[in-house]
Amino acid sequence: MNYRERLLNLIAGYFQFPLNSLGTKRFTKSHNYPDKNQLFQVESNDSFDLYEMVFPYQYYLMDYHVDYYSNLFLTPQSDVFLNIANSSETLSHLHRHNFFEFIYILDGELDFVIESTHRRFLPGECCIINPNVRHVEGRQQHYTALYLCLSLDFFFGLLSDFSKESEQGTELYHFFERNQKEIIHADYLDFHPIFFTQNHFPVTEEILYHITYELLLKNVGYTDLFIGYTKRLFSFLQTSALYTCSNTQFQLSNEKGIFEKTLNYINSQKRKVTRQDLEEALHYNGNYISRVFQQNTGQSLAVYIRNICLNEAANLLLNTTMSTSEIIEQIGLKIKRHFIINLKINSA
């Protein structure tokens, strides 16, 4: 059994419910979950949501599937939070944090819009993003990912010993130095494994297993072990024989606000949005909105809106008793009945 399976079995055994990210069964829907405000304070404006973390760090597993998704949150406190919701709800809006976030993909594919880029993460890939990075998870069939959230003080304290000679030439060292001085850019690191094989990530996932174990059971000294394993994780990701690391920085421009409003508006509608709709909602010329969106995603407005509609159609087919005619009318997309039926079959 590899460490990916051991990690998932650890979580499943702790809660005594089935979870198999590589198989068929996932979190059951019978568990209650608390108010998410116990974990984050959320401030919203017309452009994006700001998530402010309550704790100095927290760690959670996201298990997303076409019919529902679940979050398992592990915090410095004794509480463990399990959140299960229907995936027809919005997975996330465009947002940023007041903390650094590390994301590791265990299974499936995670689509991200990260500032001006569209990025698809595959198993074994991971990234670290700074508080200025505005991003949103796209809709996909499924993915399972681990998120490690670290406050600014905790992150800088954690990596304060990244000054030894072997670390000074790494992208992580430069990222740490740059962000410690002043966080003025949207800045993130992308880690890509050099080889794609089923068992290529045993060390990375062994470390993540131990982090999960310590935060789940909270035995004496678990905080020190958590810090040690997290340092080891970041150091291991700098191994050039196993991972390539690239850095991307974005200058925050005035057009970002237009892009963010466009993205949030389309995601909230869950139906066909016309250029006239966008002009009336955002008070900008439709051609200008379209150009800004294309520049920020590498994707046309028409393609993005169509994908939103198709995903919403799949959700309605799987989670409601609406007929195909009602669904076609609700999403406002001209779509053939036989195609929407095939969509249901393929999504089941």
Side-chain angles (χ1 to χ4, degrees), residues 1-29 31 33 39 55 57-65 68-84 100-110 121-128 137 140-150 158 191-193 195-237 239 242-243:
M1 182 182 297
N2 61 36
Y3 272 99
R4 183 180 306 180
E5 293 168 333
R6 288 181 64 180
L7 188 154
L8 295 171
N9 285 337
L10 171 68
I11 296 171
Y14 185 89
F15 287 99
Q16 298 182 345
F17 60 75
L19 168 65
N20 182 3
S21 180
L22 308 177
T24 55
K25 292 185 177 179
R26 294 173 174 264
F27 288 134
T28 61
K29 301 182 182 180
H31 297 268
Y33 57 90
L39 303 167
F55 303 105
Y57 66 84
Q58 62 188 34
Y59 178 78
Y60 67 95
L61 181 143
M62 164 70 82
D63 190 56
Y64 177 90
H65 202 258
Y68 66 95
Y69 69 91
S70 47
N71 290 327
L72 170 68
F73 291 91
L74 305 177
T75 74
Q77 306 299 324
S78 58
D79 297 321
V80 178
F81 299 87
L82 181 63
N83 174 10
I84 298 172
F100 289 86
E101 185 174 58
F102 170 79
I103 307 166
Y104 184 89
I105 309 304
L106 283 168
D107 185 47
E109 297 180 355
L110 171 58
F121 289 93
L122 302 174
E125 295 184 322
C126 48
C127 69
I128 303 174
E137 289 89 347
Q140 48 272 306
Q141 289 298 310
H142 80 275
Y143 78 93
T144 305
L146 290 170
Y147 293 73
L148 180 58
C149 308
L150 305 170
L158 191 72
F191 298 92
H192 180 77
F195 301 104
F196 278 97
T197 61
Q198 183 175 0
N199 295 313
H200 176 64
F201 319 107
V203 177
T204 311
E205 289 170 4
E206 178 182 359
I207 295 170
L208 292 170
Y209 169 84
H210 288 299
I211 289 174
T212 307
Y213 179 88
E214 295 301 332
L215 291 181
L216 201 57
L217 300 185
K218 292 183 171 60
N219 292 324
V220 175
Y222 78 91
T223 300
D224 293 333
L225 289 169
F226 164 72
I227 292 172
Y229 279 122
T230 304
K231 287 183 178 181
R232 185 176 299 177
L233 171 67
F234 288 154
S235 181
F236 178 75
L237 291 172
T239 306
L242 298 176
Y243 285 91

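Just so you know, these numbers come straight off a predicted model, no measurement behind them.
Once rounded to the nearest 0.5 Å, the distance linking CD of Glu101 with CD1 of Ile128 reads 11.0 Å. Distance check, rounded to the nearest 0.5 Å: NE2 of His210 to CZ of Arg6 gives 7.0 Å. Distance check: Tyr209 OH to Glu5 CD gives 12.5 Å after rounding to the nearest 0.5 Å. The line from CZ of Phe191 to CG of Leu237 is 5.0 Å long, rounded to the nearest 0.5 Å.
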Evaluate the side-chain contact (heavy atoms from CB on, under 4.5 Å) criterion for residues Leu7 and Leu146: first the C-alpha distance (whole Å), next the side-chain angles of each, then the deciding distance (0.1 Å), finally the verdict.
CA-CA 11 Å; Leu7 188 154; Leu146 290 170; 3.9 Å; yes
Ring pair (Phe, Tyr, Trp, His ring centres under 6.0 Å) between Tyr57 and Phe226, intermediate numbers included:
CA-CA 11 Å; Tyr57 66 84; Phe226 164 72; 4.3 Å; yes
Candidate pair Tyr104 and Leu148, rule side-chain contact (heavy atoms from CB on, under 4.5 Å), full reasoning
CA-CA 9 Å; Tyr104 184 89; Leu148 180 58; over 6 Å; no
Evaluate Phe55 against Cys149 for side-chain contact (heavy atoms from CB on, under 4.5 Å), listing each step before the verdict.
CA-CA 9 Å; Phe55 303 105; Cys149 308; over 6 Å; no
Mind running side-chain contact (heavy atoms from CB on, under 4.5 Å) on Asn219 and Tyr213 for me, showing each step along the way?
CA-CA 9 Å; Asn219 292 324; Tyr213 179 88; 4.3 Å; yes
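Counting heavy atoms from C-beta on, the side chains of His142 and Asp107 come closer than 4.5 Å.
Scanning all heavy atoms of the two residues, the minimum distance from Met62 to Tyr147 falls at CB-CE1, 3.7 Å. Thr212 approaches Tyr59 most closely through the heavy-atom pair OG1-OH, 2.7 Å. When every heavy atom of Leu106 is checked against every heavy atom of Pro123, the shortest pair comes out as O-CB, 3.8 Å. Of all the heavy atoms in Glu137 and Leu110, the pair that sits closest is CG-CD1, 3.8 Å. When all heavy atoms of Thr75 and Gln58 are compared, the pair lying nearest together is CG2-OE1, 4.1 Å. Of all the heavy atoms in Ala145 and Ile103, the pair that sits closest is CB-CG2, 4.3 Å.
A search for side-chain hydrogen bond (donor to acceptor under 3.5 Å, both in side chains) contacts involving Thr230 returns nothing, not counting sequence neighbours. Applying the side chain to side chain contact (heavy atoms under 4.5 Å, CB included) test to Leu225 and every residue at least two apart in sequence or in another chain returns Glu214, Tyr229.
By the 30° and 60° cut-offs, the orientation of the rings of Phe102 relative to Phe234 is perpendicular.
When atom types are taken as modelled, the side chain of Tyr222 and the backbone of Pro76 share a donor-acceptor pair closer than 3.5 angstrom.
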